Amino acid sequence: MGRVNGRTSRVVILGGGPGGYEAALVAAHLGGEVTIVDRDGLGGAAVLTDCVPSKTLISTADYMSEFETAAHLGVHLEDGEGDAVSDAVAELAEVNARVKDLAAAQSHDIGERVDEVGVRVLRGTGRLLSPTRVEATLTDGGTETIDADVVLVATGATPRVMASAQPDGERILTWQQIYDLDALPERLVVVGSGVTGAELAQAYLGLGSDVVLVSSRDRVLPGEDPDAATVIEDVFTRRGMDVLGRSRMASVERRGDGVVVRLEDGREVEGSHALLAVGSVPQTADMGLEEIGVDLTPSGHIVVDRVSRTSVRGVYAAGDCTGVLPLASVAAMQGRIAMSHALGDAVAPLNLGVVSANIFTDPEIATVGISQKAIDDGTADADVVMMPLSRNPRAKMAGITDGFVKLFAQKGSGAVIGGVVVAPRASELIFPVTLAVHHRLNVDQVASTFTVYPSLSGTIAEAARRLHATGS
């Protein structure tokens, strides 16, 4: 493994995000001579400006919401004189400083790990001169040409910017620019109700901003399980968020010390700040991809197969630049698969049917396997059970009133083929369901497995028992 014609394979990886650095670790383990060309810092956007920072911000907001839950449980904060404390206040400058420090620390840890296994990291940008030669333009000046037996493109994506809504980094912001704010937005208008928009809208609501969410669709999170999205929208409105459905943004511009978001129906929404969450675009331009014959989609994404191969022999791609599924976990898996395939190790093709995903709202939404939509449109034939968490004893103890567990079991075999969990820390609770989907366990096997009493996971086993009762 890791050798070409009796010599060590030379691997060049463009981009140091999850797809890139995880691939580098595998390639080094398999004996490759590995170079990463990275512009922004190891960990990429996932660690530096997207996943890690946003989830840290969300965790802070979740912590603040626990003060309110505590009051419902009979626990009250008091000051030194014995008077009740009415409000917890988020100092955004301190919050954002911690967010950026944590992201930098995570990037540093990744850097130490790749250094331990002998991976060389060049700070700069890469361009393919041919399928076997990469030119790196170095940040500190100059260029370096690197010969390669294998190239992996893992350059990610960047926030989509519209001509009618140009971010300025001060009042009109992309999700990568919010961590430079030193004061909490008084009134934040979030444009876009997909995953990023929904997560950050709720985070700022929890931190204390007045939040307006502009959604072009009938409901928030239009691509997610409809029952889960309904729960989240109900929570949003109950906590004071102004959700504007069927409201498509026409433009965003500065007005004095604030912003105005114009809608296509003529309405105007004013705020102190606007956060644009209207999708992303792959970073694949001006890299020499098309010149060497790499196929791209009309959107600019790199076309790959299930082992991450592009249309050019020896050139692979992973992560958001491929458009396969915009998850850090999928990017990492694509990168690992690419290196295993390229360097001759055993490899299983990417299986999107067993990918678990999570939306970090409060409560969280975690999913795996088939969706409710697949059942509703007849693509999948399955029995469905949905159980509210409000009946779970552990949920009652913790003051949890919103959320549910939903399981999908294949008719006939009873195999668990999908599930949805809406709950605090649903990202942890989905794992047993993912194990069941990945290993084709049937509902009786899940139902007969011990769970702790009381625990939220007990509802997963109970849902499986109810599916057995339906005759699955």
Side-chain angles (χ1 to χ4, degrees), residues 40-70 77-80 85-111 158-159 161 165-192 195-214 236 239-242 252-261 269-277 360-362:
D40 301 318
L42 291 181
V47 168
L48 296 170
T49 58
D50 290 352
C51 295
V52 170
S54 66
K55 278 47 172 181
T56 306
L57 190 74
I58 290 164
S59 294
T60 305
D62 289 347
Y63 183 82
M64 291 186 65
S65 71
E66 291 176 6
F67 290 117
E68 182 179 347
T69 301
L77 298 175
E78 295 183 347
D79 66 17
V85 175
S86 59
D87 292 302
V89 177
E91 297 292 346
L92 195 64
E94 295 179 30
V95 171
N96 279 341
R98 176 177 178 267
V99 166
K100 290 190 283 189
D101 285 347
L102 191 154
Q106 182 67 14
S107 179
H108 175 76
D109 289 346
I110 294 167
T158 191
V161 173
Q166 290 287 322
D168 59 15
E170 295 178 354
R171 295 281 174 173
I172 304 173
L173 308 158
T174 70
W175 68 79
Q176 294 184 337
Q177 297 172 326
I178 58 177
Y179 307 107
D180 291 325
L181 291 175
D182 57 10
L184 199 64
E186 180 180 346
R187 180 175 168 84
L188 178 66
V189 184
V190 179
V191 180
V195 174
T196 300
E199 287 182 344
L200 292 175
Q202 192 175 46
Y204 278 99
L205 184 73
L207 291 171
S209 292
D210 181 15
V211 177
V212 181
L213 181 60
V214 176
F236 281 3
R239 293 181 183 175
M241 188 185 301
D242 188 4
V252 182
E253 61 184 43
R254 293 282 291 264
R255 176 181 289 176
D257 291 333
V259 300
V260 57
V261 177
V269 182
E270 295 184 345
S272 62
H273 298 75
L275 172 58
L276 307 177
F360 291 83
T361 46
D362 180 22

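Remember, it's a predicted structure, so these values are computed and weren't measured experimentally.
The CG atom of L205 sits 10.0 Å away from the CG atom of L188 when rounded to the nearest 0.5 Å. Within the model, atoms CD of Q202 and OG of S65 stand 8.0 Å from one another, a figure rounded to the nearest 0.5 Å. In this structure, D168 CG and E253 CD are separated by 11.5 Å, a value rounded to the nearest 0.5 Å. A distance of 12.5 Å separates CE of M64 from CG of D362, quoted to the nearest 0.5 Å. Within the model, atoms CG of L207 and CG of L184 stand 6.0 Å from one another, a figure rounded to the nearest 0.5 Å.
N96 contributes a side-chain N or O that, together with a main-chain N or O of L181, makes up a donor-acceptor pair within less than 3.5 Å. Side chain of S107 to main chain of A103: no donor-acceptor pair is present (N/O by atom type, distance under 3.5 Å, no hydrogens or angles). No donor-acceptor distance shorter than 3.5 angstrom exists from the side chain of Y204 to the backbone of A61, with no hydrogens or angles considered. A donor-acceptor pair is defined here as one N or O able to donate and one able to accept, closer than 3.5 Å; no such pair exists between the side chain of E270 and the backbone of G258. Side-chain N or O atoms of S209 include one that pairs as donor or acceptor with a backbone N or O of P185 at under 3.5 Å. Of the possible donor and acceptor atoms, one in the side chain of R171 sits under 3.5 Å from a partner among the backbone N and O of S272.
At least one side-chain heavy atom of V161 sits less than 4.5 Å from a side-chain heavy atom of P167. With a 4.5 Å cut-off on side-chain heavy atoms, F360 and S54 do not count as touching. Taking the side chain as every heavy atom from C-beta outward, L200 and L57 approach each other to under 4.5 Å. The shortest distance between side-chain heavy atoms of V212 and R187 falls below 4.5 Å.
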Discussion item. Before you tell me yes or no, could you show the steps for Q166 and I172 under side chain to side chain contact (heavy atoms under 4.5 Å, CB included), namely the whole-Å CA-CA distance, both residues' side-chain angles and the distance that decides it to 0.1 Å?
Written reply: CA-CA 7 Å; Q166 290 287 322; I172 304 173; over 6 Å; no

Item to complete: Dump the intermediate steps for side chain to side chain contact (heavy atoms under 4.5 Å, CB included) on V211 and F236, then the final yes or no.
Response: CA-CA 10 Å; V211 177; F236 281 3; over 6 Å; no

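Nearest heavy-atom pair, P53 versus V47, reported as atom, atom and distance to 0.1 Å: CD-O, 3.2 Å. Taking each heavy atom of G197 and L213 in turn, the nearest pair found is O-CD1, 4.2 Å. When all heavy atoms of A165 and L276 are compared, the closest pair comes out as O-CD1, 3.3 Å. Taking each heavy atom of I110 and G43 in turn, the nearest pair found is CD1-CA, 3.8 Å. Contact between L173 and Q177 at its shortest, heavy atoms only, is CA-OE1, 3.4 Å. The minimum heavy-atom distance between T60 and R98, with the atom names listed, is OG1-NH1, 4.1 Å.
In this structure E186 satisfies the side-chain hydrogen bond (donor to acceptor under 3.5 Å, both in side chains) test with no other residue, sequence neighbours excluded.
Classification of K100 and D180 as a salt-bridged pair holds, one side-chain N sitting under 4.0 Å from a carboxylate O.
Counting heavy atoms of neighbouring residues, nucleotides and ligands inside a 6.0 Å radius, atom CZ of R254 exceeds 12 of them.
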